[in-house]
Amino acid sequence: MHVILLGTAAGGGFPQWNCWCPVCRVGRRDSRRALPRTQSSAAISRDGERWFLLNASPDVHRQLVCLPGSLPAGVRHVPVEGIVLTDAELDHTLGIVLLREARRLQLFATPAVQSILERDSRLLPVTRAFADLTVSSIPLETQVPLVGRDGESAEITVQAFAVPAGPPRFATETAPGHTVGLILRDRVTGGSCAYVPGCGALEQSLLERLDQTDLVLFDGTFWSDDELVTRGIGNRSAREMDHLPISGAEGSLSLLSGVGRPRKVYTHINNTNPVLLEDSPERRMVTAAGLEVGCDGMSFTL
Ligand code: MLT
Ligand code: MN
Ligand code: ZN
């Protein structure tokens, strides 16, 4: 299975259009010291031709240009077979409506994510006005086979598991499964990847689950719990925003460094996070603990 990180920034991208924090200032001045990043998304494929998106970001058009595959013969070609969602947050779903020209789109989402998209953000009704939308349910803790637009098996299964997090702030009801992590499994090679771009805590059971995979792509939104507060950008802590910070005794770096088997890569990184700086002490701490900071275009074969 091929996995490509298409976008590795949190909502807003990096540098963020309205942000002049110290990290965005470096990113604007010298992009070699802090690579530009588009908003959180990934793509998976077995054959390198038929790709499935993990979330659809507002940068989806730019991101799809980066997908490998042979040149299309026809006058129109949709380079994605389907979109698998981890939640209904805007940075993970606005791209659905931006793909409306596809005429036919396939989504895979938990029932809870589906109802927020139907009722609250209304992205599904809006998209349906332009395209024929097929939505397949991925009930929690169930391995669901991914099927291409032509009905053929992609030889990849997806399993959703609930992660500790609150629902999007515009959700009017909350049901279990509004925010999930995904395990993608290659049915032929057995290779597996955990995709967890938003997660508020790492409990023992989740650490054990991640340890059974080959690749963990994990929430690297914030370095410290008070990152937005100390910069005068926001008044909520990372944990209050349902993002476990990287640093600290109970932070994700310390907890994930004990997960020995998989390769571990941070994604969904906020523009304020000093790990974005290639030469920062925080970046060195991540690397020294055996983890990596994801960047757009990073790819893996499992
Ligand atoms: C998040 O990652 O917490 C959300 O995407 C927040 C947002 O939409 O700004
Ligand atoms: Mn986000
Ligand atoms: Zn910034």
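Indexing begins at 1, ligand by ligand and atom by atom, following the structure's order. These numbers come from a predicted model, not from an experiment.
- Taking both residues in full, the closest heavy atoms of V216 and P262 are given as CG2-CG, 3.6 Å, listed atom of the first, atom of the second, then distance.
- Within a 4.0 Å radius of atom 9 (O) of ligand 1, the protein contributes no heavy atom.
- A donor-acceptor pair is defined here as one N or O able to donate and one able to accept, closer than 3.5 Å; such a pair exists between the side chain of N273 and the backbone of T221.
- Scanning the protein heavy atoms around atom 3 (O) of ligand 1, the nearest turns out to be H243 NE2, 2.8 Å.
- The Zn ion (ligand 3) lies at the vertex of an angle of 120° between the SG atom of C19 and the SG atom of C24 (rounded to 10°).
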Working note: R263 + E292, criterion salt bridge (Lys or Arg N to Asp or Glu O under 4.0 Å); need CA distance, chi angles, decisive distance, verdict. CA-CA 8 Å; R263 189 169 166 186; E292 295 166 71; 2.8 Å; yes
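- Listed by number with element, the atoms of ligand 1 under 4.0 angstrom from any heavy atom of D91 are 5 (O).
- When the N, O or S atoms of H268 are ranked by distance to the Mn ion (ligand 2), NE2 comes first.
- Put simply, the side chain of Q159 never gets that close to the backbone of I183: no donor and acceptor are under 3.5 Å apart.
- Take the Zn ion (ligand 3) as the corner point: the lines to OD1 of N271 and to SG of C21 open at 120°, to the nearest 10 degrees.
- Side-chain contact between V80 and F52 is absent, with no heavy-atom pair separated by less than 4.5 Å.
- Atoms of ligand 1 found under 4.0 Å from any heavy atom of H268 (numbered from 1 in listed order, with element): 2 (O).
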Start with the C-alpha gap between R284 and D279, add the side-chain angles, then the distance that decides, and say whether salt bridge (Lys or Arg N to Asp or Glu O under 4.0 Å) holds. CA-CA 8 Å; R284 282 194 289 279; D279 53 5; over 6 Å; no
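- Among all protein heavy atoms, the one lying closest to atom 6 (C) of ligand 1 is E89 OE1, 3.9 Å.
- The cationic atom of R283 (NZ for Lys, CZ for Arg) does not lie both less than 6.0 Å from the six-membered ring centre of W223 and within 45° of the ring axis.
- Residue contacts with ligand 1, taken as heavy atom pairs separated by less than 4.0 Å, do not involve H92 at all.
- Among heteroatoms of the N, O or S kind in D91, OD2 lies nearest the Mn ion (ligand 2).
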